[in-house]
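Okay, structure first, notes after.
If you're wondering where the values come from, they're calculated on a predicted model, not measured in any experiment.
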Amino acid sequence: MRKAISIILLMQLLFSGIVLAQVYQGQVDSSLMPKLSPHYQDEYTFDKSTNPARWNSQKGLHVGFGSTDALYFRTEVPDMKKETLSWSNSGWKGERLNAQILVWSSDTLEQVRFKLSNLVSANGGAISKNNIKLNMVRYVLANYPYGASNVTCGDSPYKNGFLMPDRFETFDRFDVPGKTVRPVWLTLNIPTGTIPGHYKGVISVQAKGFETSLEVNIDVQNQLLPPPHDWKYRLDLWQNPWVLAWDNHLEPWSEEHKLLLKKHLKLYADAGGKYITTYAVNSPWSDNSYTIEGGMIESTKQKNGSWKFDYKIFDEYVELAMSVGVDKAITVYTPLPGGYRFRYIDEKTGNYVTEAWPPTSEKFKAYWDPFLNDLKAHLTKKGWLEKAYIGINESAMEETLAAIKVIRDNSPNWKITYAGDWHPELNDLLNDYCFLSGKESPMDVVKNRAARGFTTTYYVCCNPPKPNNFLFSPPIEGRWISWYASAYGYNGFLRWAYDAWTQDPTRDARHGSWAAGDCYLVYPGANSGIRYEKLREGIVDFEKIRILKEKASASANKKSKALMSKLDAHLKVLTTEHGFNEDTLKTQVYEGEKMIRELSDLLAHKN
């Protein structure tokens, strides 16, 4: 009997071994299987406090206003001397003001929610609570620690990840796990028809078993900020409309895709976006993006050797962007794609053909001359020619000059924009020149270009480390960028990119070797974040300075002229800033902001 049982067991083991050893079609090695989670996580929670003992005194509901120029980490007790239960600020009619509210506890807080009230003034004026919006701030994974200055365009030296607060998310209520912080971003849009004066309101904060209140004090000044569409600041954030189709599993350029694009571009327009990014070539940037930018103008080489061009996608995107207010400039990229790669359809075979056409080659001119002729005719028919720029980006000097020659030989009236280092030999050739921060021309060159009707801006990308809009950059840097633009005489600012989303953009901003946040400033669902709002704040400062300069120049008030001279002297200091210390940048912006407030009151009436 025992012998029979042993034989049966041996046969079972042999059979199971055969089964386990068998290879099935479609089989995936167990070591490559992704780890599953029981539920989707809206944000990662891998971080641990560097000082857990501080949580021992944080029982119950803790609420207070933090600074919009600080990032508050998920598992760290906020560095606040005391809980600030009131917020005071001032702004123009038509301006947006920002505040940051922090909720934290060593205990788990359930169903945290906010109740808003109207803001009212002593003279009977009111700002409806509908002008106040609250967003929970989510944490996103970065590959550098806060304020890192050793950033390069290569791999991060840090093997660990770092959770940074940035992404906005709407909410009705939320829970706060014990020993964590939840930032909440408040935006207050002051209606243009608001009566100037002091306004007060209350925000009630409730959680299960707890309740407290916060006070809001706003001084509305007698100045009017124009709507973003009318701002003079030239904001150029490069767009990749294909990412929305990819992120939402939609057919590119379907009606559903375009509906989402419209909402997505409204967020850009709301920050004063001026440039529409279009692509005459497929994958212009050497396949660097997670989702490749496709071509918007389809080129077909016909059987007789001539070229035919289809502008369907180009027209749809430009018209869509213009419909939401992005309508000042159209950049057509690019005669110099990565590797000089050009893709077209061969009518004889129906196949796509990809070839390398350096700008010095005969094939380059043989294509670009008829293309530019056709493009000019098309833009003229649409009424867009005066808005259009042929865009070149960070290309070698020989190739850049060769491409410009082909463009200018086609027509001296083409407008050309170039983003890259300052080169004196390019100055007279470019209608719009965008310098890499730290690789800029002298200030007098910028002033001279303005006198000639040219525009000049500057940009940051994976370099320099500071100032920048990385996920881990101190928030003040995003605002300071436009103070510097004002000080240097620039027309605005450019950045790649608005929305070159990574594999998991809502939770993880890392991509390739680049610093987290380099690829995008906004999130899926047309959601903003701290970095984007701080950039917008600085743009508003730029506009306010511009408007006040015009008013001071036309005013006979000696006090306002003296204060404007003081502000000009203050701005000049910013042009010599090279250390980019966080506290120094804050001081520079805060001191300038104080002068803006004083000037706003002095110039509130004609003098």
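A salt bridge links Lys466 with Glu477: the distance from a Lys NZ or Arg NE/NH1/NH2 to an Asp or Glu carboxylate oxygen falls below 4.0 Å. In summary, Lys363 and Glu355 engage in a salt bridge, as defined by a charged side-chain N under 4.0 Å from a carboxylate O. Under 4.0 Å is where a charged nitrogen must lie from a carboxylate oxygen, and between Arg507 and Asp504 at least one such pair does. Between Lys303 and Glu347, none of the side-chain N atoms (NZ, or NE/NH1/NH2) sits under 4.0 Å from a carboxylate O, so this pair counts as no salt bridge. We find that Lys301 and Asp346 are not joined by a salt bridge, their nearest charged nitrogen and carboxylate oxygen being 4.0 Å or further apart. Under a 4.0 Å N-O distance rule, the pair Arg536/Asp270 qualifies as a salt bridge. Contact check on Arg546 versus Asp541 returns no salt bridge, with no Lys/Arg side-chain nitrogen under 4.0 Å from an Asp/Glu carboxylate oxygen. By the 4.0 Å N-to-carboxylate-O rule, Asp42 lies close enough to Arg138 to be salt-bridged with it. Using a 4.0 Å cut-off between charged nitrogen and carboxylate oxygen, Arg96 and Glu537 do not count as a salt-bridge pair. Remark: Glu169 engages Arg167 in a salt bridge, criterion side-chain N to carboxylate O under 4.0 Å.
The shortest side-chain heavy-atom distance between Asp518 and Phe470 falls under the 4.5 Å cut-off.
Less than 6.0 angstrom separates the ring centroid of Tyr333 from the ring centroid of Trp238. No close placement of the Phe472 and Tyr146 rings is indicated, their centers lying 6.0 Å or farther apart. Residues Trp496 and Trp514 bring their aromatic ring centres within 6.0 Å. Checked against the 6.0 Å centroid criterion, the rings of Tyr340 and Phe342 do not qualify as a close aromatic pair. Taking the ring centroids of Tyr290 and Trp246, they lie under the 6.0 Å cut-off. Two rings, from Phe493 and Phe542, have their centers 6.0 Å or more apart.
At least one donor-acceptor pair under 3.5 Å links the side chain of Glu43 to the backbone N or O of Tyr139. The main-chain N or O of Ser31 is found under 3.5 Å from a side-chain atom of Asp29 such that the two form a donor-acceptor pair. For Asn491 (side chain) and Tyr233 (main-chain N/O), no donor-acceptor pair under 3.5 Å exists by modelled atom type. Under the 3.5 Å distance criterion, the side-chain polar atoms of His511 are matched with a main-chain donor or acceptor of Asn288. Judged by distance alone, the side chain of Asp508 and the main-chain N or O of Arg510 form a donor-acceptor pair under 3.5 Å.
Aromatic ring pairs are classed by plane angle as parallel below 30°, tilted from 30° to 60° and perpendicular above 60°; the pair Trp422 and Tyr433 is tilted. The aromatic rings of Trp480 and Tyr484 lie parallel to each other, with less than 30° between the two planes, well short of the 60° mark. Ring geometry for Tyr490 versus Tyr458: interplanar angle under 30°, hence parallel rather than tilted (30 to 60°).
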Residues Lys312, Glu298; criterion salt bridge (Lys or Arg N to Asp or Glu O under 4.0 Å); working and verdict:
CA-CA 8 Å; Lys312 182 177 184 296; Glu298 190 80 87; over 6 Å; no
Step-by-step side-chain contact (heavy atoms from CB on, under 4.5 Å) determination, Asp247 to Trp501
CA-CA 9 Å; Asp247 187 64; Trp501 291 334; 4.0 Å; yes
Please evaluate residues Leu250 and Leu260 with respect to the criterion side-chain contact (heavy atoms from CB on, under 4.5 Å), reporting the C-alpha separation (whole Å), side-chain torsions for both, the decisive distance (0.1 Å), and the verdict.
CA-CA 10 Å; Leu250 296 173; Leu260 290 177; 3.7 Å; yes
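One finds the CG atom of Leu336 at 13.5 Å from the CZ atom of Arg341 (value rounded to the nearest 0.5 Å). Residue Leu235 holds its CG atom at 4.5 Å from CD1 of Ile539, rounded to the nearest 0.5 Å. Taking CD1 of Ile390 as the start and CZ of Phe371 as the end, the distance is 6.5 Å to the nearest 0.5 Å.
Looking only at atom types and distance, the side chain of Asn150 has a donor-acceptor partner in the side chain of Tyr158 under 3.5 Å away. In this model, a donor atom of one side chain and an acceptor atom of the other lie less than 3.5 Å apart for Glu293 and Ser289. Between the side chains of Glu394 and Tyr418, not a single donor N or O lies within less than 3.5 Å of an accepting N or O. Under 3.5 Å, the side chains of Asp432 and Thr455 contain a donor-acceptor pair of N or O atoms. A donor-acceptor pair shorter than 3.5 Å cannot be found between the side chains of Thr300 and Tyr344. A donor-acceptor contact closer than 3.5 angstrom links the side chains of Arg449 and Thr456. For the residue pair His257 and Asn248, no side-chain donor N or O sits within less than 3.5 Å of a side-chain acceptor on the partner.
For the pair Arg495 and Tyr459, the NZ or CZ position fails the cation-pi test of under 6.0 Å to the six-membered ring centre and within 45 degrees of the ring normal.
Around CD of Glu398, the count of heavy atoms belonging to other residues, nucleotides or ligands within 6.0 Å does not exceed 12. Remark: Gln41 CD is packed, more than 12 non-hydrogen atoms of other residues, nucleotides or ligands lying under 6.0 Å away.
Test Tyr498, Trp242, Tyr523, Tyr520 against His264 for ring pair (Phe, Tyr, Trp, His ring centres under 6.0 Å) and you get one pass: Tyr498.
Cys153-Cys462 SG separation is under 2.5 Å; the pair is scored as a disulfide.
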